[in-house]
Amino acid sequence: MRALVYYGNKDVRLENEWSDPELLNDKDAIIKVNFTSICATDIEEWQFGPNYINPEDTPVVHGHEITGEVIEVGKNSSSLKIGDKVAVNNVIHCNSCFWCLKGQGGACINMKVAGFHENGGLSEFMRWPADHLIRVSDSIPDEHGALIEPTSVACHAIRKSGVRPGDNVAVVGCGTVGLLTIQVLKAAGANVSAVDIRTESLQLAKDFGADYVFNSSDKSIVENMLEASDGIGHDIVFETAGSAEAPKISIDYTRRGGKTILVGIYSAQPKMDFNQIVFFEREVIGSVGSAPGDMEAGVKLLNQGKINPAPLISKVISLDNVIEEGYQKMANDPKGIFRILVKP
Ligand SMILES: [Zn+2]
Ligand SMILES: [Zn+2]
């Protein structure tokens, strides 16, 4: 089969004769990949990595935001049947380490992630444990399934935050994960402020239900944000921009005693005055990937029509031009791109 394979720093190759996946045990399944979306993390890994990929796991098929159709199931593979449309729960937790046993799967020390430690979905076919393939309703367009992984990242951060209906919440950064975070927060009953510097992203935030939008270049943003949060400041602020200055800004927008959830991944080291945290008794929480239950929550919201990923699909390309039209485009000219989907 054809597959986009990660060999190392600045070295991904389209292989035309990569071996087809096979069931490794009777709890596995094979899917035909319908769509895999390219994520900024893939580009980071290609340009600046390996960060998460262990060199001993290479070469490895890239791609971790995957949806497909079941074409083969092991005889002990639970409830799946041939033809089921599924999203790939790309994170396998060990369920036996100290962290898993404490219910903190997001910090699992033996975590295996598709496209990083195990072969991912930028390929025609993929093997994966059947109990990590989540059924997607037939009424959902196939393309939308590829956005379930970033939705699970949003669900993970929101579930960790303990947000309650009516809370004043801000999302700093309206890229793909930020805009999905806004949609999930609205489903959770929060009062949502969105912050970004790009007017088209703020328009989408509004379309997705944000109650207030703020352009970060606006000089009166601090007063306006305060006004939008009852003069108190936001109860919870999600930082999804990943830029060096975003954590400081996000902590500033958090009320005394409130929470800042850091979801961005920082390629440049953020500058921080830690007294911003200490003096105001704020809590700062890191959130990465997903834990058991987060992706199921995302699929449920998608199946119920509470999330609309369609405006986040910037274009669809084939595996033949995944390097030029996908990876290089996102590395050189990411402006206006949310997700590029690959149809193998
Ligand atoms: Zn991703
Ligand atoms: Zn574990």
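Pro247 has its side chain within reach of Tyr266: a pair of non-hydrogen atoms, C-beta onward, lies under 4.5 Å apart. The shortest distance between side-chain heavy atoms of Val171 and Thr240 falls below 4.5 Å. The side-chain heavy atoms of Ile31 and Val88, taken from C-beta on, include a pair separated by under 4.5 Å. Using a 4.5 Å heavy-atom threshold, the side chains of Pro311 and Phe338 count as separate. Within the 4.5 Å cutoff, side-chain heavy atoms of Asp138 are placed close to those of Lys85. You'll find the side chain of Val169 stays beyond 4.5 Å of the side chain of His234, heavy atoms only. No side-chain heavy atom of Ile148 sits under 4.5 Å from any side-chain heavy atom of Thr67. Phe238 is listed as a side-chain neighbour of Ser161, based on a closest heavy-atom distance under 4.5 Å.
Taking CD1 of Ile158 as the start and OG of Ser287 as the end, the distance is 9.5 Å to the nearest 0.5 Å. The NZ atom of Lys75 sits 12.0 Å away from the CG atom of Asp28 when rounded to the nearest 0.5 Å. The distance from atom CG of Asp167 to atom CG of Leu185, rounded to the nearest 0.5 Å, is 9.5 Å. Once rounded to the nearest 0.5 Å, the distance linking CD of Glu124 with CZ of Arg2 reads 5.0 Å. Separating the SG atom in Cys100 from the NZ atom in Lys102 is a distance of 12.5 Å, to the nearest 0.5 Å. The NZ atom of Lys329 lies 5.5 Å from the NZ atom of Lys315; values are rounded to the nearest 0.5 Å.
No side-chain donor from either of Tyr212 and Glu227 sits under 3.5 Å from a side-chain acceptor of the other. Between the side chains of Tyr7 and Glu15, a donor-acceptor pair is found at a separation under 3.5 Å. A side-chain donor from one of Asp252 and Gln276 sits under 3.5 Å from a side-chain acceptor of the other. With hydrogens and angles left out, the side-chain atoms of Asp42 and His64 include a donor and acceptor closer than 3.5 Å. If you check the side chains of Thr254 and Thr260, you find a donor sitting under 3.5 Å from an acceptor. Side-chain atoms of His156 and Asp294 form a donor-acceptor pair, as typed in the model, at a separation below 3.5 Å. In this structure, a donor-acceptor pair under 3.5 Å is present between the side chains of Ser37 and Glu65.
The pair Asp142-Lys343 does not meet the salt-bridge criterion, since no charged nitrogen lies less than 4.0 angstrom from a carboxylate oxygen. Checked for salt-bridge contact, Lys248 and Asp273 miss the test: no charged N lies under 4.0 Å from a carboxylate O. Asp211 has a carboxylate O that lies under 4.0 Å from a charged side-chain N of Lys186, or vice versa, which qualifies the two as a salt bridge. Remark: Arg198 engages Asp196 in a salt bridge, criterion side-chain N to carboxylate O under 4.0 Å. Using a 4.0 Å cut-off between charged side-chain N and carboxylate O, Arg255 and Asp235 make a salt bridge. A salt bridge links Glu118 with Arg127: the closest approach of a Lys/Arg side-chain nitrogen to an acidic carboxylate oxygen falls below 4.0 angstrom.
Using modelled atom types, one side-chain atom of Glu239 and one backbone atom of Gly242 make a donor-acceptor pair closer than 3.5 Å. Ser229 places no side-chain N or O within 3.5 Å of a backbone atom of Gly231 that could act as its donor or acceptor partner. A donor-acceptor pair under 3.5 Å is absent between the side-chain atoms of Asp84 and the main chain of Val70, judged by distance alone. For the pair Tyr6 (side chain) and Glu45 (backbone), a donor-acceptor distance under 3.5 Å is present. Remark: the backbone N or O of Ile232 is not paired with any side-chain donor or acceptor of Asp230 at under 3.5 angstrom. A side-chain donor-acceptor contact under 3.5 Å links Asn9 to the backbone of Gly49. Counting only distance, with no hydrogens or angles, the side chain of Asn76 and the backbone of Lys27 share no donor-acceptor pair below 3.5 Å. Remark: the backbone N or O of Leu4 is not paired with any side-chain donor or acceptor of Arg13 at under 3.5 angstrom. For the pair Glu143 (side chain) and Ile313 (backbone), a donor-acceptor distance under 3.5 Å is absent. Side-chain atoms of Arg282 come within 3.5 Å of backbone atoms of Ile251 as a donor-acceptor pair (strictly under, hydrogens ignored).
The two residues Glu325 and Ile340 come nearest to each other via the heavy atoms O-CD1, 3.7 Å. When every heavy atom of Cys174 is checked against every heavy atom of Ile182, the shortest pair comes out as SG-CD1, 4.1 Å. Nearest heavy-atom pair, Val163 versus Ala188, reported as atom, atom and distance to 0.1 Å: CG1-CB, 4.4 Å. Taking all atoms of both residues into account, the shortest heavy-atom contact from Pro129 to Ile92 is CG-CD1, 3.6 Å. Arg159 and Pro292 get closest at one heavy-atom pair: NH2-O, 4.2 Å.
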> Between Val86 and Val136, is a side chain to side chain contact (heavy atoms under 4.5 Å, CB included) present by the stated rule, with each step listed?
Replying inline: CA-CA 5 Å; Val86 291; Val136 179; 5.5 Å; no

> Hey, mind stepping through His117 and Val60 against side chain to side chain contact (heavy atoms under 4.5 Å, CB included) and telling me if it holds?
Replying inline: CA-CA 7 Å; His117 315 107; Val60 64; over 6 Å; no

>> Checking Cys39 against Arg339 for the side chain to side chain contact (heavy atoms under 4.5 Å, CB included) test, could you report, in this order, the C-alpha distance in whole Å, the side-chain angles of both residues, the deciding distance, and whether it holds?
In response: CA-CA 7 Å; Cys39 169; Arg339 281 292 188 270; 3.7 Å; yes

> Between Val263 and Val177, is a side chain to side chain contact (heavy atoms under 4.5 Å, CB included) present by the stated rule, with each step listed?
Replying inline: CA-CA 9 Å; Val263 188; Val177 171; 4.3 Å; yes

> After noting the C-alpha distance and the side-chain angles of Asp57 and Asn54, does the key distance pass the side chain to side chain donor-acceptor pair (under 3.5 Å) rule?
Replying inline: CA-CA 5 Å; Asp57 291 332; Asn54 302 316; 3.2 Å; yes

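A continuous path of ILVMFWY side-chain contacts below 4.5 Å connects Ile38 to Tyr52, so both sit in one hydrophobic cluster. A single hydrophobic cluster is not seen to contain both Met111 and Met295; linkage of ILVMFWY side chains at heavy-atom distances under 4.5 Å, directly or through other members, places them apart. Transitive grouping of hydrophobic side chains (ILVMFWY, heavy atoms separated by less than 4.5 Å) keeps Val5 and Val33 in distinct clusters. Residue Leu101 is not grouped with residue Phe98 when hydrophobic side chains (ILVMFWY) are merged at heavy-atom distances under 4.5 angstrom, including chains of intermediate members. The hydrophobic clustering, which links ILVMFWY residues whose side-chain heavy atoms are closer than 4.5 Å, places Ile307 and Leu204 together.
Other residues, nucleotides and ligands place more than 12 heavy atoms under 6.0 Å from the NZ atom of Lys160. Heavy atoms of other residues, nucleotides or ligands lying less than 6.0 angstrom from CD of Gln304 number more than 12. Surrounding CD of Glu324 are more than 12 heavy atoms belonging to other residues, nucleotides or ligands, all under 6.0 Å away.
Ring orientation note: the planes of His62 and Phe116 are nearly perpendicular, at an angle over 60° on the 30°/60° scale.
Of the candidates Ile140, Leu179, Leu147, Pro309 forms a side-chain contact (heavy atoms from CB on, under 4.5 Å) with just one, namely Leu147.
Residues Trp46 and Tyr327 place their aromatic rings such that the two centres sit under 6.0 Å apart.
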